[in-house]
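Take a look at the structure below.
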Amino acid sequence: MFRLLQFCFIAELFAVTTASRSFGVQNNQLNGEITKAASCLPCAWDEASCECQLAPQEMVLQEDLPTPSEKPWMKTSDTPQARAAKLLEQMSLEEKLSMLHGYAGNYTGNVPANSRLGIPALKMNDGPQGFRDDVRPGTTTAWPSALTMAASWDVELLKEWGTAIAKEFYLKGSNVYLGPGLCVARLPVNGRNFEYMSGEDPYLGYALVKPMVEAVQSNGIIANAKHWIANNQEYGRQINNAIVDERTRFEIHYLPFIGAIEAGVGSVMCSYNKVNGAWSCENNSTLNGDLKNYLGFKDGWVVSDWKATHSTSMNKGLDQEMPANVYMNTEAIKKDLKSGDITQEMVDDSVRRILTPMFSAGLFDYTNNNTLENNVTSPEHSALARKFAGMSTVLLKNSPRAPSPAALRAGLDAHDEDAAILPLTWLDPKQAKIAVIGVQADDPIAHGAGSGHVHPAYVISPLSAILRQMGLEKPSSSDCEGVCVFYADGYDEMQTAEVAKKSDVALVFVGTSSTEAADRSNLTFSSLEAQKNLDLKQPRRYMDLERMIGIAGAKQPNTVVIGTNPGAVLTSWRETVKGILLNFMPGQEMGNAVVDILWGSVNPAARLPVTLPNIEDEVGFTHYEYNKYLSHHDEGLLVGYRWYDYYNVEPAFPFGHGLSYTKFEYTNLQVDASSRRITFNLQNTGKTAGSEVVQVYVELPRVSSDMKEPPKQLKKFSRVALSTGETATVSFQMQSLDFSTWNTMEHKWQEVTGTVGILVGASSRDIRLQGAITI
Ligand code: BGC
């Protein structure tokens with residue numbers, strides 16, 4: 001698979017040069033001929049052929065229609081719906097049909113402009129973690145990934161992330177952001193979990209997607225919620241048939257998309273896989289039935305994933321084929337109109353669905369002359385990327401440090417309850433000896449791969465950031481005195497042991513990655529994916545990273561592991577070290593963000609968006625539930641921590657877990673049954689300012705004897721910042737949806753009846769306050 005990916009990278013870079021050259025020629029022609037490109041830009045990730053057609057700049061029409069002297073749809077005081085209706089009235093059939101497919105070209109997906117009516121071109125671009133520009137690497141910011149951002153559990157941060165991403169899209173001249181990714185992490189090994197902001201919890205995705213989509217769209221860019229639906233594995237991604245029952249679809253997989261729809265998302269991308277036997281992009285039940293009818297997705301369009309179309313399926317709910325016109329082309333639709341398979345109303349509805357978000361996002365009302373040539377990253381965005389990565393780093397473990405030469409010199413009591421290993425402020429500033437271990441410290445994996453990959457201008461390595469923090473320019477030689485940073489890449493075990501032993505602390509860096517088009521080989525840090533740095537595209541020599549941790553931990557009692565991970569990871573070595581940080585896919589500012597946390601200028605508050613299992617495939621997916629062709633979602637509602645709770649299995653680290661350098665006390669829970677308001681007090685009882693992610697879980701009474709139901713479910717959370725000693729009254733207004741399950745007989749949400757347990761805590765397994773409400 002890696003060979004295939006490597007080929008794709010090269011093929012793509014080659015394609016870029018070829019494609020942009022022929023595009024230039026074609027622009028001057030505009031004669032209705034659509035040039036067949038030598039290769040496609042960009043290619044889908046596991047397609048053997050990247051063949052595609054380049055976009056004409058303008059819609060190519062057979063009719064020669066006069067330009068209207070008045071454009072009533074340009075009255076900005078009208079609603080987007082009214083404006084779309086007025087424009088639709090003026091469009092010829094040809095003009096309408098030309099909007100229902102697109103082309104590959106300069107942007108990832110392109111729909112040409114219509115100059116007669118002043119309809120702007122659609123310029124869609126990957127990817128979900130920032131603007132992907134394979135031709136001009138380093139001209140956009142490589143942000144932390146969506147799963148990483150989800151670890152912040154911070155709606156305000158998601159808003160900032162969305163705003164910053166949208167600004168770069170605008171400055172690159174694009175107007176459709178092909179994100180956010182929202183699929184729920186059903187399988188810990190799914191290669192695209194890093195791209196999805198739901199983690200393993202539908203409510204986490206539901207709550208985080210709203211500010212994100214609102215921010216993107218209020219900055220003039222249409223968002224695209226993807227991939228609809230049950231696109232939970234990359235193994236066999238273009239042939240897999242996911243069998244998912246109705247209740248599981250609504251309660252687990254649809255909920256994040258409901259959040260996007262509530263935020264007014266302009267488009268949804270249907271996925272490559274089949275759902276219950278029908279291709280996702282021609283699935284009448286999930287598109288017309290569930291998405292457009294039950295979920296009320298009325299004013300946005302369904303675009304196919306790249307070449308995920310198998311038929312002219314407008315009557316099944318598809319509105320636009322991308323990036324081709326194989327099935328949704330003018331001739332095919334006209335033929336279906338003639339035969340009656342497609343009606344004029346369906347065509348109008350699809351076009352209206354595309355035009356309405358174009359009006360809502362302001363595409364008709366602003367002129368954007370920016371081009372792909374722009375370098376749109378900036379020092380401000382680098383600073384933001386650093387902030388996002390720090391606020392998304394999870395402190396998993398922070399045990400008291402052992403007496404060390406430095407601690408003894410400084411006269412500190414290593415067994416004081418505050419004498420945790422982190423932050424590293426206990427190191428003697430004049431004498432500190434730090435061992436930095438692992439090639440990941442010097443040549444870090446900071447991103448996942450695939451269409452969601454952003455080429456960074458740089459990646460700050462942890463080693464360089466630590467050296468800067470300690471005032472050094474390069475790693476110290478073995479005879480160093482005073483402040484020393486010893487570096488061992490980990491390949492030489494003797495050297496690893498030696499630097500660990502002679503230091504006050506060992507900082508061990510491990511990282512693994514993942515990619516679109518393949519699931520992970522396993523969940524360890526010694527996986528195949530850990531052997532390749534996808535940013536630098538240089539293979540690493542194989543190293544057993546777990547063994548490296550063991551060697552460091554055996555020689556140095558004060559060892560901290562800093563892991564970079566695309567999703568859940570195994571931590572079988574966790575008892576052998578004092579501290580553990582996980583920073584997911586942190587992006588280009590990785591090293592600076594790690595230093596911020598290690599030395600405490602940022603107090604960690606992030607929480608796990610996924611459970612960390614004890615062993616590989618702990619849930620025990622059978623061949624019937626996870627294989628290339630057919631995946632029965634027989635776990636149903638028991639995704640992630642819901643499975644651990646139901647079977648009473650203690651995970652390695654639970655969903656929602658994360659520590660801080662300070663402590664918080666929860667008191668005085670009030671549950672007001674009539675207003676459905678929950679209130680409690682939260683006090684920072686530690687010695688430093690910090691933030692706590694408070695979490696509210698509900699225990700719903702059983703509603704079905706047929707399905708295994710989750711014992712508890714996340715329904716509210718908030719990241720609350722408090723200074724030392726400060727107390728806040730935290731209050732949540734519960735909604736009807738929080739107490740509802742999907743009724744599969746009546747096909748609607750229905751509130752449960754009876755007593756609902758209310759659990760307030762710091763993680764799914766650290767419940768501090770309990771109450772109940774009768775519904
Ligand atoms: C991915 C989409 C992406 C598209 C365009 C597909 O392979 O699944 O997420 O937006 O390519 O690059």
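Numbering starts at 1 and runs along the sequence shown. Counting convention: from 1, in listed order, for ligands and their atoms alike.
- Set against the non-hydrogen atoms of R192, the atoms of ligand 1 under 4.0 Å away are 1 (C), 2 (C), 8 (O), 9 (O).
- Interface atoms of ligand 1 facing K226, defined by a heavy-atom separation under 4.0 Å, are 2 (C), 3 (C), 9 (O), 10 (O).
- Between the side chain of T356 and the backbone N or O of R353, no donor-acceptor pair lies under 3.5 Å.
- A donor-acceptor contact shorter than 3.5 Å is absent between the side chain of D299 and the backbone of G264.
- At a 4.0 Å cut-off, not a single heavy atom of M322 sits close enough to ligand 1 to count as contact.
- If you look at Q238 next to ligand 1, there are no close heavy atoms at all, none under 4.0 Å.
- The Y272 neighbourhood of ligand 1 comprises atoms 6 (C), 7 (O), 8 (O), with distances under 4.0 Å to a heavy atom of that residue.
- Where the criterion is an N or O separation shorter than 3.5 Å, residue side chain and backbone included, W306 fails it with respect to ligand 1.
- Contact atoms of ligand 1 toward H227: 2 (C), 8 (O), 9 (O) (distance under 4.0 Å to a heavy atom of the residue).
- For ligand 1 and R132, the ligand atoms under 4.0 Å from any heavy atom of the residue are 12 (O).
- Within the listing of ligand 1, atoms 1 (C), 2 (C), 3 (C), 4 (C), 6 (C), 8 (O), 11 (O) sit less than 4.0 angstrom from a heavy atom of D305.
- With E516 contributing its side chain and S451 its backbone, the two residues share a donor-acceptor pair below 3.5 Å.
- The shortest N/O to N/O separation between T108 and ligand 1 does not fall below 3.5 Å.
- A side-chain donor-acceptor contact under 3.5 Å links H453 to the backbone of G448.
- Residue contacts with ligand 1 include M269, since one or more of its heavy atoms lies under 4.0 Å from the ligand.
- Sparse packing is recorded around NZ of K167, with 12 or fewer heavy atoms of other residues, nucleotides or ligands lying under 6.0 Å away.
- Side chain of S513 to backbone of A446: no donor-acceptor contact under 3.5 angstrom is found.
- Aromatic pair Y254/W228: centroids less than 6.0 angstrom apart.
- Ion pair E214/K159 not flagged as a salt bridge, since none of the NZ, NE, NH1 or NH2 atoms sits closer than 4.0 Å to an Asp/Glu carboxylate oxygen.
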